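What follows is one structure encoded as structure tokens, with my remarks underneath.
The structure displayed is predicted, hence computed values, not measured ones.
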Amino acid sequence: MLKTIRIPAAVLLLSTAASAQLTVNTGMGAAADEALQNTINSNFQVPNMTDFLARMANAQAIAHKGQGVSYATDHSLLVVGASGGVGLNSDSNFDFEAKGGLPKIGVGVQAAGMVGWSLASVPIPALGFLDPKRLTVFVSFMTYSNNSLIESLEVKTNSVGLHAQYKLIKGINVGKIGILNWGGIAFTTGINTSSNSLTFKVGQKIDTNLGAVTYTWTPDNNSKLTLEANSYSIPLELSTSVRLLYILSLFGGAGVDLNFGNATISANLNGPVTNSANSTTGSASLNLSQTANPSPVHLRFFAGTQFNLVPLRNTNLLSFYIQGNFALGGNYGVHAGVRAAW
């Protein structure tokens with residue numbers, strides 16, 4: 001008995017390219033074919049592939065937010081740092097369980113190295129109400145590739161960011177001795193781009209039960225699944241911060257993110273089907289090719305804590321921070337890293 005499912009591109013909304021074909025032949029009749037077919041569909045999110053890819057794109061977009069700038073480090077010349085974090089997109093619960101296929105939530109991972117240069121000491125005259133001395137320019141970058149970190153998995157990740165942060169309202173040093181500092185209000189914008197590519201060279205086993213018999217599909221060594229997420233995002237943020245007793249800084253803000261990019265999947269998985277007696281009874285194949293886009297606009301809130309490990313009176317020479325992001329639509333992100341300022 002041969003079962004084939006084809007999902008026409010016309011019904012896959014928000015997708016620029018879509019095709020899915022699943023062929024199951026257990027050799028044990030229609031009921032066994034349908035049971036394994038339903039399990040493969042569920043585990044690889046085939047009926048919900050557009051929604052899954054959109055979640056991946058949204059998760060990748062929020063994973064990088066805030067890594068390329070500094071919200072709480074006082075600096076008069078330079079600030080440098082490094083960070084890493086993760087983004088998630090889920091409508092109700094965080095279901096990571098994939099059972100050999102793909103998770104039900106979107107996941108994005110990103111890291112960045114950052115350098116910020118303050119124009120406070122640059123002799124540039126004010127341009128009307130704009131004072132360049134209140135401006136800090138940030139550049140961030142990271143690239144990484146590894147095909148041996150996890151067996152049969154090749155990972156590629158890249159990120160580039162360019163941001164400008166302008167102090168709309170200057171900060172205040174309460175009491176003039178640094179015990180309590182208010183960082184003022186800053187506006188931050190720019191562009192950050194990031195991408196992740198995961199290539200699974202060998203598929204995992206998929207099991208299903210029908211009565212007392214377990215049927216197992218094992219994609220062979222020639223099978224491959226590639227999942228890519230690309231994000232291009234423009235943040236428009238307002239933020240503020242306070243520093244208490246030199247060593248603790250708190251910061252937070254809100255903004256609107258303009259998101260572009262996509263998430264794509266390409267899969268060609270083929271292999272035998274065996275039963276619980278380890279007898280090969282048939283075969284199955286899954287071919288996927290699909291693209292989806294993130295939500296174009298996100299209202300986002302963020303907050304974080306920074307521990308100033310080597311605090312000085314007017315700056316934080318070395319600091320460790322952690323920041324959380326939340327955007328409407330079930331988008332969550334968290335990242336942490338170090339900052340050093342002069």
Side-chain angles (χ1 to χ4, degrees), residues 1-57 89-107 151-153 198-228 263-292:
M1 178 69 67
L2 186 66
K3 287 265 184 173
T4 301
I5 287 184
R6 295 179 184 272
I7 301 178
V11 303
L12 295 174
L13 303 179
L14 300 178
S15 177
T16 58
S19 67
Q21 180 176 332
L22 171 61
T23 302
V24 177
N25 178 16
T26 64
M28 299 301 291
D33 289 353
E34 184 175 2
L36 183 57
Q37 174 183 287
N38 291 339
T39 301
I40 294 173
N41 272 332
S42 176
N43 286 12
F44 280 94
Q45 310 297 324
V46 175
N48 306 310
M49 184 55 66
T50 298
D51 180 69
F52 168 73
L53 290 177
R55 292 186 185 281
M56 292 294 294
N89 179 275
S90 176
D91 56 353
S92 58
N93 53 41
F94 295 99
D95 190 350
F96 287 94
E97 188 175 6
K99 297 180 181 178
L102 298 170
K104 293 183 179 180
I105 68 172
V107 181
E151 184 179 3
S152 301
L153 175 64
L198 303 176
T199 300
F200 299 86
K201 299 176 184 178
V202 179
Q204 297 178 333
K205 295 181 179 181
I206 300 294
D207 295 322
T208 192
N209 296 315
L210 182 64
V213 181
T214 298
Y215 295 95
T216 302
W217 174 50
T218 307
D220 58 33
N221 290 339
N222 295 320
S223 296
K224 185 170 70 172
L225 184 149
T226 299
L227 185 60
E228 297 184 351
T264 64
I265 189 171
S266 175
N268 183 12
L269 307 176
N270 304 277
V273 174
T274 59
N275 61 24
S276 48
N278 291 324
S279 299
T280 300
T281 59
S283 63
S285 66
L286 175 63
N287 295 280
L288 296 171
S289 178
Q290 195 163 333
T291 300

If I compare all heavy atoms of [X] with all of [Y], which pair ends up nearest, and what's the gap?
X      : Y      : value
Leu210 : Ala31  : CD2-C, 3.7 Å
Asn41  : Pro47  : O-CD, 3.3 Å
Met49  : Phe44  : CE-O, 3.1 Å
Leu53  : Thr291 : CD1-N, 4.0 Å
Met56  : Ala263 : CB-CB, 4.0 Å
Leu36  : Val24  : CD2-CG1, 4.1 Å

Tabulate below the donor-acceptor pairs under 3.5 Å that side-chain atoms of residues 272-280 make, not counting sequence neighbours, or state none.
from: Asn275; atom 1: OD1; to: Ala277; atom 2: N; distance (Å): 2.9
from: Asn275; atom 1: OD1; to: Asn278; atom 2: N; distance (Å): 3.3
from: Asn275; atom 1: OD1; to: Ser279; atom 2: N; distance (Å): 3.1

Which value, rounded to the nearest 0.5 Å, describes the distance between [X] atom [atom1] and [Y] atom [atom2]?
X      : Y      : atom1 : atom2 : value
Ser285 : Leu269 : OG    : CG    : 9.0 Å
Ile265 : Leu198 : CD1   : CG    : 10.5 Å
Asn38  : Asp33  : CG    : CG    : 10.5 Å
Asn287 : Asn270 : CG    : CG    : 6.0 Å
Gln37  : Ile206 : CD    : CD1   : 14.0 Å
Thr39  : Glu34  : OG1   : CD    : 10.5 Å

Check whether any side-chain heavy atom of [X] lies under 4.5 Å from a side-chain heavy atom of [Y], and answer yes or no.
X      : Y      : value
Arg55  : Ile105 : no
Lys205 : Thr218 : yes
Trp217 : Asn43  : no

Requested in this report: Verify side-chain contact (heavy atoms from CB on, under 4.5 Å) between Val46 and Ile40, making sure each step is shown before the conclusion.
Outcome: CA-CA 8 Å; Val46 175; Ile40 294 173; 5.6 Å; no
Query - Derivation of the side-chain contact (heavy atoms from CB on, under 4.5 Å) call for Thr50 and Gln290 - result: CA-CA 8 Å; Thr50 298; Gln290 195 163 333; 2.6 Å; yes
Requested in this report: Answer yes if the side chains of Thr216 and Asp207 hold a donor-acceptor pair under 3.5 Å, and no otherwise.
Outcome: yes
Is there a donor-acceptor pair under 3.5 Å between the side chain of [X] and the backbone N or O of [Y]?
X      : Y      : answer
Ser223 : Asp220 : yes
Ser289 : Ser266 : no
Asp51  : Ala54  : no

Requested in this report: Would you please name every residue forming a side-chain contact (heavy atoms from CB on, under 4.5 Å) with Asn209, sequence neighbours left out?
Outcome: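 For Asn209 the side-chain contact (heavy atoms from CB on, under 4.5 Å) partners, ignoring immediate neighbours, are Thr214.
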